[in-house]
Student: 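Quick one: this structure, given as C-alpha coordinates, is what I'll be asking you about.
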Amino acid sequence: MSYDRYLAICNPLRYSSLMSHRVCVKLIAMSWLLALSITPVAQIPVATQEFCNQNTINHFFCDYFPLLELSCSDTSLAQILAITVSVPVVLFPFMLIIGSYICIAHEILKIVSGIGRQKAFSTCSSHLAVVSIFYGTLIVTYVVPPRNQSQTISKLLSLLYTVVTPFINPMIYSLKSADMKNA
(Lines give C-alpha, C1' and ligand atoms only; values in the text may rest on other atoms or scores of the structure.)
Protein backbone atom coordinates (compact mmCIF):
# COMPACT_ATOMS: atom_id res chain seq x y z
CA MET A 1 0.00 0.00 0.00
CA SER A 2 2.85 2.38 0.66
CA TYR A 3 4.12 1.81 -2.88
CA ASP A 4 0.61 2.45 -4.16
CA ARG A 5 0.39 5.68 -2.16
CA TYR A 6 3.89 6.64 -3.32
CA LEU A 7 2.92 6.25 -6.97
CA ALA A 8 -0.42 8.01 -6.51
CA ILE A 9 1.21 11.08 -4.96
CA CYS A 10 4.71 11.19 -6.45
CA ASN A 11 3.90 9.91 -9.96
CA PRO A 12 0.17 10.47 -10.49
CA LEU A 13 0.37 10.66 -14.29
CA ARG A 14 2.25 7.37 -14.56
CA TYR A 15 0.24 5.59 -11.83
CA SER A 16 -1.85 3.33 -14.07
CA SER A 17 1.13 2.21 -16.13
CA LEU A 18 3.39 1.58 -13.11
CA MET A 19 0.80 -0.05 -10.81
CA SER A 20 -0.48 -2.67 -13.21
CA HIS A 21 -2.18 -5.94 -12.35
CA ARG A 22 1.09 -7.73 -13.06
CA VAL A 23 2.98 -5.55 -10.54
CA CYS A 24 0.30 -6.21 -7.91
CA VAL A 25 0.57 -9.97 -8.44
CA LYS A 26 4.37 -9.78 -8.17
CA LEU A 27 4.18 -7.81 -4.90
CA ILE A 28 1.70 -10.31 -3.45
CA ALA A 29 3.79 -13.29 -4.60
CA MET A 30 6.96 -11.82 -3.07
CA SER A 31 5.17 -11.28 0.24
CA TRP A 32 3.87 -14.85 0.33
CA LEU A 33 7.21 -16.36 -0.72
CA LEU A 34 9.07 -14.41 1.95
CA ALA A 35 6.61 -15.48 4.64
CA LEU A 36 6.56 -19.13 3.56
CA SER A 37 10.34 -19.40 3.24
CA ILE A 38 11.06 -17.90 6.66
CA THR A 39 8.48 -19.91 8.62
CA PRO A 40 10.33 -23.27 8.58
CA VAL A 41 13.57 -21.60 9.63
CA ALA A 42 11.94 -20.32 12.80
CA GLN A 43 9.77 -23.37 13.50
CA ILE A 44 12.34 -26.19 13.23
CA PRO A 45 14.28 -25.11 16.35
CA VAL A 46 11.03 -25.08 18.36
CA ALA A 47 10.07 -28.52 17.07
CA THR A 48 13.38 -29.95 18.27
CA GLN A 49 12.97 -28.62 21.84
CA GLU A 50 12.23 -30.96 24.73
CA PHE A 51 9.22 -30.00 26.78
CA CYS A 52 8.61 -31.04 30.38
CA ASN A 53 5.40 -31.64 32.27
CA GLN A 54 4.07 -28.10 32.04
CA ASN A 55 1.87 -27.74 28.97
CA THR A 56 -0.02 -24.50 29.61
CA ILE A 57 1.23 -21.37 27.91
CA ASN A 58 0.73 -18.17 29.88
CA HIS A 59 -0.50 -16.31 26.81
CA PHE A 60 -3.60 -15.72 24.67
CA PHE A 61 -2.29 -17.89 21.84
CA CYS A 62 0.68 -20.13 21.09
CA ASP A 63 3.26 -17.41 20.53
CA TYR A 64 6.92 -18.14 19.86
CA PHE A 65 8.69 -16.85 22.97
CA PRO A 66 6.05 -17.99 25.50
CA LEU A 67 6.26 -21.46 23.93
CA LEU A 68 10.04 -21.46 24.32
CA GLU A 69 9.61 -20.66 28.02
CA LEU A 70 8.00 -24.09 28.48
CA SER A 71 11.04 -25.90 27.14
CA CYS A 72 13.34 -27.86 29.46
CA SER A 73 16.26 -27.69 27.06
CA ASP A 74 18.48 -24.75 26.17
CA THR A 75 16.50 -22.24 24.09
CA SER A 76 19.26 -19.70 23.48
CA LEU A 77 19.91 -20.89 19.91
CA ALA A 78 16.19 -20.82 19.06
CA GLN A 79 15.85 -17.32 20.53
CA ILE A 80 18.89 -16.00 18.67
CA LEU A 81 17.65 -17.58 15.44
CA ALA A 82 14.17 -16.10 15.90
CA ILE A 83 15.55 -12.62 16.48
CA THR A 84 18.01 -12.97 13.59
CA VAL A 85 15.24 -14.08 11.21
CA SER A 86 12.74 -11.51 12.43
CA VAL A 87 15.08 -8.57 11.85
CA PRO A 88 14.99 -8.75 8.03
CA VAL A 89 11.40 -10.02 7.90
CA VAL A 90 10.07 -7.15 10.00
CA LEU A 91 12.57 -4.35 9.41
CA PHE A 92 13.01 -4.68 5.63
CA PRO A 93 9.33 -4.08 4.78
CA PHE A 94 9.12 -1.45 7.52
CA MET A 95 12.10 0.44 6.08
CA LEU A 96 10.60 0.28 2.58
CA ILE A 97 7.35 1.71 3.94
CA ILE A 98 9.15 4.44 5.88
CA GLY A 99 11.27 5.27 2.82
CA SER A 100 8.22 5.62 0.61
CA TYR A 101 6.52 7.85 3.19
CA ILE A 102 9.60 10.05 3.43
CA CYS A 103 9.43 10.53 -0.35
CA ILE A 104 5.67 11.18 -0.06
CA ALA A 105 6.20 13.76 2.70
CA HIS A 106 8.84 15.45 0.57
CA GLU A 107 6.37 15.68 -2.34
CA ILE A 108 3.51 16.84 -0.09
CA LEU A 109 5.66 19.70 1.21
CA LYS A 110 6.15 20.86 -2.39
CA ILE A 111 2.38 21.28 -2.89
CA VAL A 112 1.52 24.96 -2.75
CA SER A 113 -2.20 24.86 -1.94
CA GLY A 114 -3.40 23.94 1.54
CA ILE A 115 -6.30 21.89 0.16
CA GLY A 116 -3.94 19.90 -2.07
CA ARG A 117 -1.67 19.22 0.89
CA GLN A 118 -4.60 18.13 3.02
CA LYS A 119 -5.90 15.74 0.32
CA ALA A 120 -2.47 14.23 -0.18
CA PHE A 121 -1.94 13.80 3.55
CA SER A 122 -5.39 12.26 4.08
CA THR A 123 -4.57 9.72 1.37
CA CYS A 124 -1.67 8.44 3.48
CA SER A 125 -2.69 9.07 7.07
CA SER A 126 -4.91 6.01 7.54
CA HIS A 127 -2.31 3.58 6.22
CA LEU A 128 0.45 5.26 8.19
CA ALA A 129 -1.58 4.93 11.41
CA VAL A 130 -2.17 1.20 10.89
CA VAL A 131 1.45 0.59 9.88
CA SER A 132 2.74 2.42 12.94
CA ILE A 133 0.64 0.37 15.34
CA PHE A 134 1.35 -2.94 13.60
CA TYR A 135 5.09 -2.59 13.04
CA GLY A 136 5.68 -0.80 16.32
CA THR A 137 4.32 -3.73 18.30
CA LEU A 138 6.04 -6.30 16.06
CA ILE A 139 9.42 -4.64 16.51
CA VAL A 140 9.04 -4.42 20.28
CA THR A 141 7.82 -8.03 20.50
CA TYR A 142 10.11 -9.88 18.08
CA VAL A 143 13.05 -7.75 16.92
CA VAL A 144 14.16 -6.26 20.23
CA PRO A 145 15.85 -9.07 22.17
CA PRO A 146 13.62 -10.55 24.87
CA ARG A 147 14.10 -9.04 28.24
CA ASN A 148 12.45 -9.47 31.58
CA GLN A 149 9.20 -7.76 30.70
CA SER A 150 6.02 -8.77 32.45
CA GLN A 151 3.73 -11.36 30.89
CA THR A 152 0.93 -8.78 30.94
CA ILE A 153 2.87 -6.37 28.71
CA SER A 154 3.77 -9.22 26.36
CA LYS A 155 0.12 -10.24 26.13
CA LEU A 156 -1.02 -6.66 25.51
CA LEU A 157 1.54 -6.16 22.74
CA SER A 158 0.43 -9.40 21.12
CA LEU A 159 -3.18 -8.27 21.29
CA LEU A 160 -2.26 -5.03 19.54
CA TYR A 161 -0.91 -6.70 16.40
CA THR A 162 -3.22 -9.73 16.31
CA VAL A 163 -6.58 -8.28 17.35
CA VAL A 164 -6.58 -4.49 17.60
CA THR A 165 -4.89 -3.71 14.27
CA PRO A 166 -7.20 -5.94 12.17
CA PHE A 167 -10.17 -4.68 14.18
CA ILE A 168 -9.46 -0.98 13.63
CA ASN A 169 -8.36 -1.42 9.99
CA PRO A 170 -11.89 -1.15 8.53
CA MET A 171 -12.75 1.74 10.81
CA ILE A 172 -9.62 3.73 9.96
CA TYR A 173 -9.98 3.18 6.21
CA SER A 174 -13.70 3.93 6.21
CA LEU A 175 -13.25 7.28 7.98
CA LYS A 176 -12.60 8.84 4.59
CA SER A 177 -15.92 7.54 3.27
CA ALA A 178 -18.63 10.22 3.03
CA ASP A 179 -21.29 7.75 4.20
CA MET A 180 -19.25 6.92 7.28
CA LYS A 181 -18.65 10.60 8.08
CA ASN A 182 -22.39 11.31 7.84
CA ALA A 183 -23.25 8.32 10.06
Side-chain angles (χ1 to χ4, degrees), residues 1-47 59-68 77-108 120-146 154-177:
M1 277 189 86
S2 63
Y3 181 65
D4 178 67
R5 301 292 191 253
Y6 168 76
L7 289 180
I9 292 173
C10 297
N11 294 309
L13 299 177
R14 297 180 54 207
Y15 177 83
S16 58
S17 64
L18 293 174
M19 185 53 92
S20 64
H21 178 72
R22 185 177 182 184
V23 170
C24 290
V25 169
K26 284 181 180 179
L27 290 171
I28 292 168
M30 285 182 351
S31 298
W32 274 97
L33 287 174
L34 178 66
L36 292 174
S37 64
I38 295 298
T39 301
V41 174
Q43 296 306 316
I44 289 172
V46 172
H59 213 275
F60 294 120
F61 58 93
C62 188
D63 202 8
Y64 194 83
F65 291 116
L67 180 63
L68 284 179
L77 179 64
Q79 288 179 351
I80 290 170
L81 185 63
I83 292 167
T84 305
V85 166
S86 65
V87 167
V89 169
V90 173
L91 289 183
F92 181 68
F94 183 64
M95 291 301 170
L96 287 175
I97 292 168
I98 294 300
S100 66
Y101 277 112
I102 289 170
C103 293
I104 289 169
H106 185 263
E107 288 298 317
I108 289 175
F121 181 71
S122 71
T123 301
C124 304
S125 60
S126 55
H127 183 244
L128 194 56
V130 172
V131 164
S132 299
I133 294 168
F134 182 73
Y135 278 102
T137 55
L138 277 181
I139 289 169
V140 169
T141 305
Y142 295 109
V143 176
V144 176
S154 177
K155 288 178 186 179
L156 288 174
L157 288 172
S158 296
L159 276 179
L160 273 175
Y161 74 84
T162 58
V163 176
V164 174
T165 304
F167 180 73
I168 63 172
N169 240 347
M171 289 186 278
I172 287 176
Y173 287 115
S174 64
L175 288 177
K176 293 190 293 188
S177 166

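Bear in mind the structure is a predicted one, so any value in this text is a computation, not a measurement.
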Student: Scan Ile80, Leu77, Leu81, Leu68 and name whichever one has a side-chain contact (heavy atoms from CB on, under 4.5 Å) with Pro45.
Tutor: Leu81
Student: At what distance, to the nearest 0.5 angstrom, does CD1 of Ile139 lie from OG of Ser86?
Tutor: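 It comes to 9.5 Å.
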Student: If we only count heavy atoms from C-beta on, is the Ser100 to Arg5 side-chain gap below 4.5 Å?
Tutor: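 Contact flag for Ser100/Arg5 side chains = no.
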Student: Specify the closest pair of heavy atoms between Cys10 and Pro12, including all atoms of both residues, with the distance to one decimal.
Tutor: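 Result for this residue pair: C-CD, 3.5 Å.
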Student: Between Gln79 and Tyr64, is any pair of side-chain heavy atoms under 4.5 Å apart?
Tutor: no
Student: Side chains of Val131 and Ser2: does their closest heavy-atom pair fall under 4.5 Å?
Tutor: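 They are not in side-chain contact.
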Student: For Ile83 versus Phe65, what's the shortest heavy-atom pair and its separation?
Tutor: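 Scanning both residues, the minimum pair turns out to be CG1-CZ, 4.1 Å.
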Student: Would you mind writing out the side-chain donor-acceptor pairs for residues 23-36 within the sub-3.5 Å range, not counting sequence neighbours?
Tutor:
residue : atom : partner : partner atom : Å
Ser31   : OG   : Leu27   : O            : 3.0

Student: Search all heavy atoms of Met19 against all heavy atoms of Asp4 and return the closest pair with its distance.
Tutor: CE-CA, 3.7 Å
Student: When rounded to the nearest 0.5 angstrom, what is the spacing between CG in Leu159 and OG1 in Thr137?
Tutor: 10.5 Å
Student: Just wondering, do Tyr6 and Asn11 contact through their side chains at under 4.5 Å, heavy atoms?
Tutor: yes
Student: Flag yes if more than 12 heavy atoms outside Phe61 fall under 6.0 Å of its CZ atom; otherwise flag no.
Tutor: yes
Student: Specify the closest pair of heavy atoms between Pro170 and Phe167, including all atoms of both residues, with the distance to one decimal.
Tutor: CD-O, 3.4 Å
Student: Rounded to the nearest 0.5 Å, what's the gap from OG1 on Thr39 to CD1 on Ile44? Could you check?
Tutor: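 Rounded to the nearest 0.5 Å, the OG1-CD1 separation comes out at 10.5 Å.
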Student: Measure across Tyr161 and Pro166 and return the closest heavy-atom pair with its distance rounded to 0.1 Å.
Tutor: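 Nearest heavy atoms, Tyr161 then Pro166: O-CD, 3.9 Å.
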Student: Supply the atom-to-atom distance Ile168 CD1 to Ile133 CD1, rounded to the nearest 0.5 angstrom.
Tutor: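 So the CD1 of Ile168 and the CD1 of Ile133 are separated by 3.5 Å.
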Student: When rounded to the nearest 0.5 angstrom, what is the spacing between CG in Asp63 and OG in Ser154?
Tutor: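 Separation between the atoms: 6.5 Å.
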Student: Which heavy atom in Thr162 sits nearest to a heavy atom in Ser158, and how many Å separate them?
Tutor: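 Looking at all heavy atoms of both residues, the closest pair is OG1-O, 2.6 Å.
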Student: Going by the rule side chain to side chain donor-acceptor pair (under 3.5 Å), which residues pair with Tyr101 if we only count those two or more places apart in sequence or in a different chain?
Tutor: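 Listed in chain order: His127.
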Student: So, taking the atom named CD1 in Ile98 and the one named OH in Tyr135, what distance separates them when rounded to the nearest 0.5 Å?
Tutor: 10.0 Å
